[in-house]
Amino acid sequence: MKKKAIVIGSGFAGLSAASFLAKAGWLVTVLEKNASPGGRARQLKEAGYTFDMGPSWYWMPDVFDRYFQQFGKVTADYYSLTRLTPSYRIYWPDGPMDIPSDLQQLKLLFENIEPGAALQLEKFLEEAAYKYKVGIQKLVFKPGQSLTEFLDWQVIKGVFKLDVFTSMKTHVHKYFKAAKIRQILEFPVLFLGALPENTPALYSLMNYADIVGGTWYPEKGMFSIVDAMHKLAVELGVTFLFNENVKAITVENNIAQKVTTTTKEWQADVVIGGADYHFIESALLPASHQSYSAAYWDKRVMAPSCILYYVGLNKKLKNILHHSLFFDVPFEPHATEIYTTKDWPKNPLFYVSTPSVTDDTVAPGGCENLFLLIPVAAGLSGDTEALRDFYFDKIITRMEKITGQEIKSAVVYKKSFAHSDFVSAYNSFKGNAYGLANTLMQTAVLKPSCRSKKVNNLFYTGQLTVPGPGVPPSLISGEVVANEVVKHFGS
Ligand SMILES: Cc1cc2nc3c(=O)[nH]c(=O)nc-3n(C[C@H](O)[C@H](O)[C@H](O)COP(=O)(O)OP(=O)(O)OC[C@H]3O[C@@H](n4cnc5c(N)ncnc54)[C@H](O)[C@@H]3O)c2cc1C
């Protein structure tokens, strides 16, 4: 008889874990509280517009290709990809700058900002390529259960080249003097995790992903990835039950005996928690079976949360790119508000995705689809309608002024999403958007463990455990935990 697994949650990590376990011969059921798969990457269809609710940057295409290949498929079996060129635009205080997708052009751009920077970029990317290779091919696949996993010759030999003990800030500053170049290279770690001074320089592998790997767009949006992974899981025999809100995991003799939803009870040989780790621990398990205390969770450094706006315009905008970063105000005060003082920001940097520039299926003809994101500290309270309207007005006014056109008067659809929505939609800890920050003390074995320390057959997957936040890491997280299950419970 096949062994049975229950996966809680159908985000990328849950979809991935379910598929790898089904491939290994398990009978897998996914219980999802929402009406559709995808978790933070769900889709919102309203008033003729199709919005991706979360991720919008398709980076590391090799990770997605590898994922599908493991099931005898190729990415193109499910969706096609377009490389965006330019990759994105940054609006600086003194005007816009397009970041070319072509490396030679990027070198020219850097050289114009800082003489000698083209050569420096070559050297910087050489190191970043090494980190990407070792990081993405080796480190991210370690389940983080023991330090001995890292007794790997390539890792030991290259430990200094991996720059685990240098900060991203020191690393970038060693190569470049110009503030703009520094900010271009620091933004990927900043938006997804922690301050560059608190992020290991190992993460310059993200610059390799950005500059060499490229920024891509999957046909019909990021939800195409969810759709593809869901279809593949169903093909592999995984059963999905939506609107099944898990309320408890019953443990006897250190074994998870059953999972209770609002409608039913489920039994399985193994349970994999793909919902937010903190929620599963603190809300579904009795205190005696939680691996981590409330004090432990309180000490975790969270990646930012965000205020999001899904906006439909009844016209096309002039001269706008798919991805725009508004770095038109000083960065330091906003960074301090996100990471240090944890306040609502006074004058935030923000990001706008306009997928209708690339894809005419996501908005009615002649209209524009906007996704606006303001990074803010996790754990803030008071995300009222009035506060959201205040920030919307603030950033749209800036966007109008900077891009030289009316936007507010063209808004025909608008929905916001902030901390309290992250909590109610995904049971997110402190309303976090991207899980735990990528600090040294929250890396690998120092992350919440992918196997419960108290319940033998309970495992965890997703952005709060190994390897960390982001779509590619979440796919890998599912694979890593499925391998751990097979290692301990067989196929
Ligand atoms: C706004 C935003 C922008 C982002 N941008 C990018 C980007 O551009 N590129 C990138 O690579 N990454 C990006 N990320 C990060 C990336 O989206 C996440 O790291 C990833 O989607 C997390 O997947 P997950 O499976 O760990 O969690 P989730 O997607 O949160 O999945 C968890 C699932 O568990 C379900 N669940 C919760 N509680 C229960 C319960 N009690 N019972 C049953 N089910 C339950 C939830 O409904 C959800 O479906 C972004 C994230 C956000 C929020």
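Numbering of ligands and ligand atoms starts at 1, following listing order. Predicted model only: the values in this text are computed from it and were never measured.
For W26, there are no ring-ring contact (aromatic ring centres under 6.0 Å, His included) partners at least two apart in sequence or on another chain.
Heavy-atom proximity to A13, at under 4.0 Å, picks out these atoms of ligand 1: 25 (O). Interface atoms of ligand 1 facing G11, defined by a heavy-atom separation under 4.0 Å, are 25 (O), 29 (O), 31 (O), 33 (C), 49 (O). Short contacts between ligand 1 and E244, defined as distances under 4.0 Å to a heavy atom of the residue, involve ligand atoms 42 (N), 43 (C). In summary, the atoms of ligand 1 found under 4.0 Å from a heavy atom of G9, numbered by their order in the structure, are 33 (C), 34 (O), 35 (C), 44 (N). Numbered from 1 in the order shown, with element, the atoms of ligand 1 that lie under 4.0 Å from a heavy atom of N34 read 47 (O). Heavy-atom proximity to P472, at under 4.0 Å, picks out these atoms of ligand 1: 11 (O). Of all atoms in ligand 1, listed by their number and element, those nearer than 4.0 Å to a heavy atom of F279 are 41 (N). Listed by number with element, the atoms of ligand 1 under 4.0 angstrom from any heavy atom of G38 are 29 (O).
Under the 6.0 Å cut-off for aromatic ring centres, Y434 and F422 do not qualify, their centroids lying 6.0 Å or more apart. Outside the 6.0 Å centre-distance limit, the rings of F327 and Y351 are not counted as a close aromatic pair. For Y309 and Y391, the ring centers are positioned 6.0 Å apart or more. If you look at Y426 and F279, their ring centroids are not closer than 6.0 Å.
Using a 4.0 Å cut-off between heavy atoms, V246 contacts ligand 1 through both its backbone and its side chain. Of all the heavy atoms of Y58, none lies under 4.0 Å from any atom of ligand 1, so neither backbone nor side chain is involved. Counting heavy atoms under 4.0 Å from ligand 1, residue Y434 touches it through the side chain alone.
Between M222 and ligand 1, a contact under 3.5 Å exists for no N or O pair. The distance criterion of under 3.5 Å between nitrogen or oxygen atoms is met by F12 with respect to ligand 1. Checked by distance only, ligand 1 and L308 stay at 3.5 Å or farther apart across all their nitrogen or oxygen atoms. Residue N245 has at least one nitrogen or oxygen atom sitting less than 3.5 Å from a nitrogen or oxygen atom of ligand 1, judged on distance alone. Where the criterion is an N or O separation shorter than 3.5 Å, residue side chain and backbone included, R40 meets it with respect to ligand 1.
Ligand 1 lies within reach of F422, whose nearest heavy atom is under 4.0 Å from it. Under the 4.0 angstrom criterion for non-hydrogen atoms, M60 is not in contact with ligand 1. Residue contact check for ligand 1: A425 places a non-hydrogen atom closer than 4.0 Å to it.
In this structure, K414 is positioned above the aromatic face of F392, its NZ or CZ under 6.0 Å from the six-membered ring centre and within 45° of the axis. K346 forms no cation-pi arrangement with W344, by the criterion of a distance under 6.0 Å to the ring centre and an angle within 45° of the ring axis.
Here the options are T29, V28, V30, the test is side chain to side chain contact (heavy atoms under 4.5 Å, CB included), and the partner is T239; only T29 passes. Checking each of Y413, F223, F417 against F51 for a ring-ring contact (aromatic ring centres under 6.0 Å, His included) leaves exactly one that passes, namely Y413.
The nearest non-hydrogen atom to atom 53 (C) of ligand 1, considering only A433, G435, P473, G462, comes from A433. The closest non-hydrogen atom to atom 23 (O) of ligand 1, taken over A41, S474, G274, comes from S474. Distances from atom 37 (C) of ligand 1 to the heavy atoms of A303, S10, A275 put A275 nearest.
No hydrogens or angles considered: a donor-acceptor pair under 3.5 Å links the side chains of Y460 and E281. Residues Y132 and D62 have side chains that bring a donor and an acceptor to within less than 3.5 angstrom of each other.
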>> Pair S420, D383 - check side chain to side chain donor-acceptor pair (under 3.5 Å), show working.
In response: CA-CA 7 Å; S420 54; D383 59 359; 2.9 Å; yes
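In this structure, the side chain of E368 engages the main chain of L317 through a donor-acceptor pair within 3.5 Å.
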